[in-house]
Each structure stands twice: as structure tokens, then as C-alpha cells.
Amino acid sequence: MDDKLYIVIPAYNEEENIKSVIDDWYPIVEQYGSDSRLVIVDDGSKDNTYSLMEEYAKERPKFIPITKPNGGHGATVLYGYNYAMEHGADYIFQTDSDGQTLPSEFPEFWDKKEQYDMVIGWRNGRQDGGSRVFVTKTLKFVIKLCFGVTVTDANTPFRIMKTSTLKKYIGFVPKDFNLSNVIISVIYAKKDCKVKYIPITFRPRQGGVNSINMKKIFGIGKQALKDFREINRTINKI
């Protein structure tokens, strides 16, 4: 039996991008595993994102469109991970719905999946603006300060994970936490999981408007600083 891959993509108000994102990633689940699926989780969009997803799903049997009440990126990612685990995924790959990542770079990650608990992209030379680079560097510093580990690029939306490893630790990520992928990266580092970082292309957003602006980023960061201490105590008990 071949490995079952679930690609998980959160989406919010992405009507300008969603068709091209499906067109980009659907061929991957057709190519890798007969029971693999593309799962896009609509986070309560206010535009036509979900209706477009439903229309596209009619002719794509391996594409599963899901919608849920708005809860933020981190909660939507967790929702998708849990859905994939409940449906027997062997490997879970996560990316975002803004078209910044390239499916052509996926095969290298797939080829290394058995050797590591997680293979994650490193946004070297990212093209989405200096402010985003600053946030990533600041996050790296804060993680080192709060958790005592160095994580190359904790929040990259281009990662493939063994479900067997993710199952061990996903319960320690706070429900509806905005930075779910960050905490997963931190847990893997603290628990000496086998993680491989590979440089990836990270383009500018391909359409639409980013729902997370700098004001929201600083708000999330302020709350995260409060949460990280308690999360670290919890992780240390694992």
C-alpha cells in the first residue's frame, strides 16, 4: 500500500487565488498516493472562497473543501491537521492559499519524508517585504529567549510531517492558538525530533489582500509572549 498524503491549506477571503491554488496543488495528490487528498479549510470567509471551492470539487474527487466559523490561521491549520489524522493520513503537508509557494519544490520534501519527523522550508531570500523578514527574525530571537532552542524558520507554510510524530505532540498546542505551526516547530526542536530545513522560493502574494497586517502581527506577538511561558512549562512536562 502506498503512503497516504494529505495536503492541508487554510484559506480566508482568497477568491482571487483559490482557483490557481487548487490547480497548482491538486496534481500533487494525484501523483503521490492513490488515497491522497487535497484539503482546503475555509476559515469563515466573507467572500466567495468556499463557493468556488465547492464548484471546483465537483470535477476533482481528491479535493475536499471544508468550511468552518472564523478562528484564525492557527486554529484553521490545527483543524486541517486533525481532519487529516482522523482520515488516516500517513503524511501531512501544509502550505498556504496565497500562492507564495511552489508545488515544483514539493518532490524534494517528499523524497526525504521517511528520514525525518518533519521536513520544513526555509524562506531564504523571501520576496514578501522587509517587514515580514523583520517579524521572522524577531520571532526566532523570541523563541530562543523563551524556549531555549534555535529554530531556523519556525512558521514556514511549507512543511511535511509524519502523522505518527504529529499525533504525539499536537495535543499540547493550545486550542485556537494563532501560532500553531510555530509551537509545533518549537516542540520538535525541544524534543530532539529529526527535522530537516530546505531552502524554498517564497514569492510575493499572488493576488488579493493579506488579512494579517502589521498591527495584527504585533497584537498576536504581544499575546504570544504572554502564552509562551505557560506553553514552555507544558512542553517541559512532555
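Counting from 1, the numbers follow the sequence of the chain as shown.
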Quick one about Asn17 and Glu15 (side-chain donor to acceptor, distance below 3.5 Å, no hydrogens or angles considered), yes or no?
no

Listed partners of Lys46 passing side-chain contact (heavy atoms from CB on, under 4.5 Å), at least two apart
Tyr12, Asn13

Summary of salt bridge (Lys or Arg N to Asp or Glu O under 4.0 Å) pairs that have at least one residue in residues 21-31, sequence neighbours excluded:
Asp23-Arg60

For residues 155-162, tabulate all N or O donor-acceptor pairs below 3.5 Å that involve a side-chain atom, not counting sequence neighbours.
residue : atom : partner : partner atom : Å
Thr156  : OG1  : Gly121  : O            : 2.9
Thr156  : OG1  : Asp153  : O            : 3.3
Thr156  : OG1  : Asp153  : OD1          : 3.3
Thr156  : OG1  : Asp153  : OD2          : 3.0
Arg159  : NE   : Thr156  : O            : 3.2
Arg159  : NH1  : Asn181  : O            : 3.2
Arg159  : NH1  : Ser185  : OG           : 3.2
Arg159  : NH2  : Ala154  : O            : 2.7
Arg159  : NH2  : Thr156  : O            : 3.3
Arg159  : NH2  : Ser185  : OG           : 3.4
Lys162  : NZ   : Glu114  : O            : 3.0

Side-chain contact, heavy-atom cut-off 4.5 Å: Phe93 with Val8?
no

Could you list the residues that satisfy side-chain contact (heavy atoms from CB on, under 4.5 Å) with Lys196, not counting sequence neighbours?
Lys112, Tyr116, Val119, Ile198

Could you work out, with ring pair (Phe, Tyr, Trp, His ring centres under 6.0 Å) as the rule, every residue matching Tyr83, not counting sequence neighbours?
His87

Does atom CD (Glu59) have a neighbourhood of more than 12 heavy atoms from anything else shown, all under 6.0 Å?
no

Quick one: do Val151 and Ile231 end up in the same hydrophobic cluster if we chain Ile, Leu, Val, Met, Phe, Trp and Tyr together by side-chain heavy atoms under 4.5 Å apart?
yes

Does a donor on one side chain sit under 3.5 Å from an acceptor on the other, for Lys140 and Thr150?
no

Under 3.5 Å, side chain of Asp43 to main-chain N/O of Gly71, donor-acceptor pair present?
yes

Lys167: which residues meet the salt bridge (Lys or Arg N to Asp or Glu O under 4.0 Å) condition with it, sequence neighbours left out?
none

Using the test side chain to side chain donor-acceptor pair (under 3.5 Å), find all partners of Gln31 that sit at least two apart in sequence or belong to another chain.
none

State which residues pass side chain to side chain donor-acceptor pair (under 3.5 Å) with Asn82; sequence neighbours excluded, sorted by chain then number.
none

Going by the rule side chain to side chain donor-acceptor pair (under 3.5 Å), which residues pair with Thr67 if we only count those two or more places apart in sequence or in a different chain?
Asp42

Begin from the C-alpha positions of Ser36 and Lys62 and carry the test side-chain hydrogen bond (donor to acceptor under 3.5 Å, both in side chains) through to its verdict.
CA-CA 7 Å; Ser36 296; Lys62 290 177 176 287; over 6 Å; no

Check salt bridge (Lys or Arg N to Asp or Glu O under 4.0 Å) between Glu55 and all other residues, then give those that pass, not counting sequence neighbours.
Lys58

Indicate whether any N or O donor in one side chain lies under 3.5 Å from an N or O acceptor in the other, for Glu105 and Thr201.
yes

So, using side chain to side chain donor-acceptor pair (under 3.5 Å) as the criterion, who are the partners of Thr152 when residues are at least two apart?
none

Would you say the ring centroid of Trp110 lies under 6.0 angstrom from that of Tyr91?
yes

Quick one: side-chain contact (heavy atoms from CB on, under 4.5 Å) partners of Lys4, sequence neighbours excluded?
Tyr6, Asp35, Asp90

